[in-house]
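What follows is one structure encoded as structure tokens, with my remarks underneath.
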Amino acid sequence: MKALFVASECAPFVKTGGLADVIGALPKSLSDLDCDVRVMLPGYPALKSVADAGETRLRIDNLFGGPARVISARAEGLNLLLLDAPHLFDRSGSIYLDDSGQDWHDNHLRFGALCQVAAKIAIEGIDGWKPDLVNAHDWQAGLVPAYLKQHDGPTPPCVLTIHNIAFQGVFDAGILGILGLSQGLYTSEGMEYYGKLSFLKAGIAFSDQITTVSPTYARELMTPEFGMGLEGIIQARRNDVTGILNGIDLDTWNPETDHTLPATYSRRSLKGKGICREEIERRFGLKHDPQAPIFCVVSRLTEQKGLDLLLQALPALVDRGARLVVLGSGERYLEDGFIGAAHRYAGSVGTIIGYDEPLSHLMQGGSDAILIPSRFEPCGLTQLYGLRYGTIPVVARTGGLADTVIDANAAAIAADCATGVQFAPITATSLAQAIDRTCTLFQQSGEWSKMMRRAMKHPVGWGQSAHSYLDLYGAAIDAHGA
Ligand code: ADP
Ligand code: GLC
């Protein structure tokens with residue numbers, strides 16, 4: 001089977017969050033199952049050296065205001081199709097935001113162009129390669145099925161994967177004509193959203209199948225609490241909605257071979273984890289103390305991630321004798337809150353504001369537990385990295401967090417299956433109780449090290465989920481042709 005992925009990020013080239021990790025890893029697992037995946041991405045500056053080593057396969061004289069070409073390249077085990085359109089993508093800074101922190105003024109053109117050219121490749125093929133199916137990811141790829149739908153002739157089916165419904169790509173309806181989309185698609189069952197045009201709604205309305213990144217989030221999306229205004233259309237398509245859990249790249253995230261760590265370790269020998277732990281203490285200015293657990297946070301600092309709750313629960317964490325290290329960036333009040341906490345609780349709390357991939361590995365390698373108090377979490381990957389690194393996830397019971405962590409309640413401990421701590425409701429009080437419970441478990445060192453080893457054994461790769469994607473692709477192709 002041949003599948004075309006369309007997305008706006010891909011690790012290790014360009015990443016703002018978990019979407020990139022998924023796009024960088026899932027195609028490799030699918031190719032192990034004989035699914036030939038090409039990943040179509042914007043030709044950002046970060047991909048320039050990859051593009052320079054590739055071959056031009058398609059030229060477009062004028063793509064929304066400038067010339068463009070599609071370059072085929074192979075890098076990091078992936079077959080890439082890069083949309084080189086300098087007037088849209090050759091910009092320094094964030095891939096989504098301008099220097100003042102606003103969305104790029106022409107994001108509709110940038111990602112509309114990506115979708116239009118992806119649809120053209122899906123229909124006509126490129127360099128003798130024609131996909132059997134398209135998998136479009138998030139709003140940036142949401143118009144692919146709209147372009148396919150308005151094509152007069154056979155097209156391959158399209159699966160939309162929703163990684164986060166909070167981002168919907170909503171623009172003035174006036175862009176419809178500019179993007180070359182027909183008026184007939186702009187209806188309340190289609191891409192119209194309160195008088196505007198929504199890329200994500202287009203994807204939901206016009207795709208053959210919709211997936212999201214965990215079974216619990218698939219159910220949550222149908223409720224007003226989590227659907228963010230799109231619950232109605234998702235309910236309408238409920239028979240075509242499937243939750244498939246994300247996996248992680250087991251080569252990139254492997255404590256036995258991770259050379260970004262000062263020492264590697266395994267389930268059989270955890271000595272290296274102690275060395276990583278000392279490195280964390282040093283980097284974050286904490287006192288050396290094997291008895292006091294280190295909790296970490298590696299996250300975008302946003303409302304979604306519930307880290308304001310952690311600021312509220314912090315006095316309880318420190319009173320309990322535990323420590324906290326934070327790596328993240330995002331909203332100003334959270335950055336300031338954690339910087340302030342590091343001053344107030346110097347020696348117990350350390351904060352590094354920024355984005356640092358190698359340090360994110362050290363956080364997983366050297367911490368005892370990872371805190372993820374998200375208000376909603378479609379899947380979440382850092383708890384999976386935590387499991388793999390024996391860093392016990394302490395998570396809000398929502399979305400993919402609920403699906404991947406087995407709470408250390410009495411029954412789970414007796415059955416030898418606990419891998420972490422879950423809490424609900426998602427409040428500061430219940431987070432503080434979860435932290436307290438984790439500290440108690442940490443003091444029971446025999447139980448704790450059993451839990452660490454169990455966590456490290458928990459399957460977090462793509463194996464099962466890649467099969468699920470493939471089955472779903474097969475069914476979509478059969479239904480589309482029928
Ligand atoms: P989301 O995509 O909602 O941000 P995920 O848990 O799915 O959440 O993925 C987040 C990814 O981004 C993980 O790979 C995590 O390690 C990484 N990450 C988040 N913040 C940082 C940071 N400040 N530095 C390095 N990596 C980070
Ligand atoms: C989104 C979600 C996150 C998920 C990631 C990859 O960014 O917020 O929960 O893990 O996509 O699917």
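We count ligands from 1, going down the list as the structure has it; atoms in each ligand are counted the same way.
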Contact check: [X] vs ligand 1, nitrogen or oxygen atoms, below 3.5 angstrom:
X      : answer
Asp356 : yes
Gly18  : yes
Glu357 : no
Gly17  : no

Checking a contact table here: which protein heavy atom is nearest [atom], and how many Å away?
atom                    : value
atom 12 (O) of ligand 1 : Lys15 CE, 3.6 Å
atom 8 (O) of ligand 1  : Lys305 NZ, 3.1 Å
atom 23 (N) of ligand 1 : Gly354 O, 2.8 Å
atom 15 (C) of ligand 1 : Thr382 CG2, 3.6 Å
atom 5 (P) of ligand 1  : Leu381 N, 3.6 Å
atom 4 (O) of ligand 1  : Arg300 NE, 2.7 Å
atom 27 (C) of ligand 1 : Tyr355 CE1, 3.4 Å

For ligand 1, is any non-hydrogen atom under 4.0 Å from [X]'s backbone (N, CA, C, O), its side chain (CB onward), both, or neither?
X      : value
Gln383 : neither
Asp21  : side chain
Cys379 : neither

Do NZ/NE/NH1/NH2 and the carboxylate oxygens of [X] and [Y] come within less than 4.0 Å?
X      : Y      : result
Glu331 : Arg300 : no
Arg277 : Glu281 : yes
Arg388 : Asp258 : no
Arg332 : Glu335 : no
Asp240 : Arg238 : no
Asp308 : Arg375 : yes
Arg91  : Asp99  : no
Lys28  : Glu76  : no

Is it true that Trp104 and Phe111 have ring centroids separated by less than 6.0 Å?
no
Below 6.0 angstrom between ring centroids: does that apply to Trp253 and Tyr385?
yes
Atom pairs and distances, ligand 2 N/O vs protein N/O under 3.5 Å:
from: ligand 2; atom 1: 8 (O); to: Asn164; atom 2: ND2; distance (Å): 3.3
from: ligand 2; atom 1: 8 (O); to: Gln304; atom 2: NE2; distance (Å): 3.3
from: ligand 2; atom 1: 8 (O); to: Glu377; atom 2: OE2; distance (Å): 3.4
from: ligand 2; atom 1: 9 (O); to: Glu377; atom 2: OE2; distance (Å): 2.4
from: ligand 2; atom 1: 9 (O); to: Pro378; atom 2: N; distance (Å): 3.4
from: ligand 2; atom 1: 9 (O); to: Cys379; atom 2: N; distance (Å): 3.0
from: ligand 2; atom 1: 9 (O); to: Gly380; atom 2: N; distance (Å): 2.9
from: ligand 2; atom 1: 10 (O); to: Gly380; atom 2: N; distance (Å): 2.8
from: ligand 2; atom 1: 11 (O); to: His163; atom 2: O; distance (Å): 3.4
from: ligand 2; atom 1: 12 (O); to: His163; atom 2: ND1; distance (Å): 2.6
from: ligand 2; atom 1: 12 (O); to: Asn246; atom 2: ND2; distance (Å): 2.8

So, applying side-chain contact (heavy atoms from CB on, under 4.5 Å) with Pro393, which one of Ile370, Thr404, Thr382 is it?
Ile370
Donor on one side chain, acceptor on other, Asn135 and Tyr473, under 3.5 Å
yes
Determine whether any heavy atom of His163 lies closer than 4.0 Å to an atom of ligand 1.
no
Could you tell me which atoms of ligand 1, counted from 1 in the order shown, lie closer than 4.0 angstrom to a heavy atom of Gly328?
23 (N)
Suppose I only count heavy atoms of Gly380 and a 4.0 Å limit; which atoms of ligand 1 are within that range?
6 (O), 7 (O)
Check: Gln422 side chain, Val405 main-chain N or O, donor-acceptor pair, under 3.5 Å:
yes
Mutual orientation of the aromatic rings belonging to Tyr44 and Phe89 [parallel < 30°, tilted 30-60°, perpendicular > 60°]
perpendicular
